[in-house]
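To start, the structure itself, in structure tokens.
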There are 2 protein chains.
Amino acid sequence: MVTTPRNTRQRRAVAAILEDLDGFASAQEIHDLLRHRGESVGLSTVYRNLQALSDSAEIDALRNDDGETLYRQCSTGHHHHLVCRACGRTVEVAGPTVERWADAIAAEHGFVDVAHTLEIFGTCGDCTP
Amino acid sequence: MVTTPRNTRQRRAVAAILEDLDGFASAQEIHDLLRHRGESVGLSTVYRNLQALSDSAEIDALRNDDGETLYRQCSTGHHHHLVCRACGRTVEVAGPTVERWADAIAAEHGFVDVAHTLEIFGTCGDCTP
DNA sequence: CCGCGGATGGGAACCATTGTCAAATTGATG
DNA sequence: CATCAATTTGACAATGGTTCCCATCCGCGG
Ligand SMILES: [Zn+2]
Ligand SMILES: [Zn+2]
Ligand SMILES: [Zn+2]
Ligand SMILES: [Zn+2]
């Protein structure tokens, strides 16, 4: 049986933050932002809600070079990201050619249950003095 | 002043393991393999040597879904990987089109100091019953 | 063979993330 | 509105990969 998630203050607060952010942010950053807004939410709860949102594909997640998981509310549909290492600013990019290429390579070598990760990192204009 | 790394038994043992492996492996797996070979090496030392080899671009490193860093001695030159999630077996793949595409996208949006990550994960034929 | 400084290793420290569990909250029901 | 089961929360402990610390070791040039 599928259980609908409850509409708690904490869940709403996390969703609202993601709504307002335009770049990727870590769970801890989001936790801090919530605190500064006065809508304090336990760190575990922030993690849990981000995980849940990510599992239900409502938000995107990726890992940065430091091994942290970053979250962002993106448009629907499969895409990849051009992310600023300094400020998290993100441009969504579609690469249909890449998708097909990856799947073809995998099939060619007899791999199944295929997934791919593709992210582009750089420093955006605003963060380049 | 550039200091040449010393030729220690431990460094040689780690290099030898990488020489023999054909797939990606974690630091801990390599540590175990060394122990089973009788060429025991401290875990810290395994981490240090893998890091050093990775820094000097003598081996490749990537992170799996579990957040572990995996290492492999690959051919020289830029390439990406098709990796079996179950056994680590790896096929090196070149994607010149993807490289150019990624750089073009980044430039188009004013990003500098650009890098990209691209890995394909799947289950290889041997690991599919 | 000496001596210097890099290398080692065992254990502590780090740190993002997950687990625990009693207490609080939600939402359905009467 | 009151009741109550089930879900969610949050303070804290635990986890696990990785790095740090530092006394000791040892490769290597002289
Ligand atoms: Zn996205
Ligand atoms: Zn930026
Ligand atoms: Zn490689
Ligand atoms: Zn396999």
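Small disclaimer: the values here were computed from a predicted structure and weren't measured. So that the names make sense, note that chain A is the first sequence line, chain B the second, and so on, each numbered from 1.
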Distance only, no hydrogens: is a donor on one side chain within 3.5 Å (strictly under) of an acceptor on the other, for [X] and [Y]?
X      : Y      : answer
E99(B) : H80(B) : yes
R11(A) : T8(A)  : no
N7(A)  : R12(A) : yes
E58(B) : S56(B) : yes

Round to the nearest Å and state the distance from [X] atom [atom1] to [N] atom [atom2].
X      : N       : atom1 : atom2 : answer
I30(A) : dA16(C) : CD1   : P     : 14 Å
E39(A) : dG10(D) : CD    : P     : 11 Å
D65(B) : dT18(C) : CG    : P     : 13 Å
H31(B) : dG10(C) : NE2   : C1'   : 10 Å
D66(A) : dC14(C) : CG    : P     : 18 Å
E29(B) : dG17(D) : CD    : C1'   : 13 Å
L43(A) : dA14(D) : CG    : P     : 18 Å
N64(A) : dT17(C) : CG    : P     : 9 Å

Using a cut-off of less than 4.0 Å, is there contact between a side-chain N or O of [X] and OP1 or OP2 of [N]?
X      : N       : answer
N7(A)  : dT25(C) : no
Y47(A) : dT18(C) : no
T45(A) : dG10(D) : yes
R9(A)  : dG10(D) : yes
Q51(B) : dT18(D) : no
Q10(B) : dA7(C)  : no

Report yes or no: is there a donor-acceptor pair, N or O only, under 3.5 Å between the side chain of [X] and the base of [N]?
X      : N       : result
T69(A) : dA16(C) : no
S26(B) : dG17(D) : no
T8(B)  : dG27(D) : no
R6(A)  : dT7(D)  : yes

- Do H81(A) and H116(B) have ring centres separated by under 6.0 Å?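 No; H116(B) has its ring centre 6.0 Å or more from that of H81(A).
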- Message: Let's see if you can work this out: which of dG11(C), dT9(D), dT17(C) has an atom nearest to the side-chain heavy atoms of Q28(A)?
- Response: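 The answer is dT17(C).
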- Query: Which residue lies toward the 5' end of DNA chain D, R48(B) or A27(B), if each is placed at its nearest nucleotide?
  - Reply: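 Going by which nucleotide is closer to the 5' end, it is A27(B).
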- Query: Nearest nucleotide by nearest heavy atom, which residue falls closer to the 5' end of DNA chain D, E68(B) or R12(B)?
  - Reply: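 First, find each residue's nearest nucleotide; the 5'-ward one identifies E68(B).
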- Query: Which part of the nucleic acid does N49(B) contact within heavy-atom distance under 4.0 Å: base, sugar-phosphate only, or nothing?
  - Reply: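 Sugar-phosphate, backbone atoms only, no base.
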- Message: Show the nearest heavy-atom pair for residues H31(B) and V41(B), with the distance to one decimal.
- Response: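 Minimum heavy-atom separation between H31(B) and V41(B): CD2-O, 3.0 Å.
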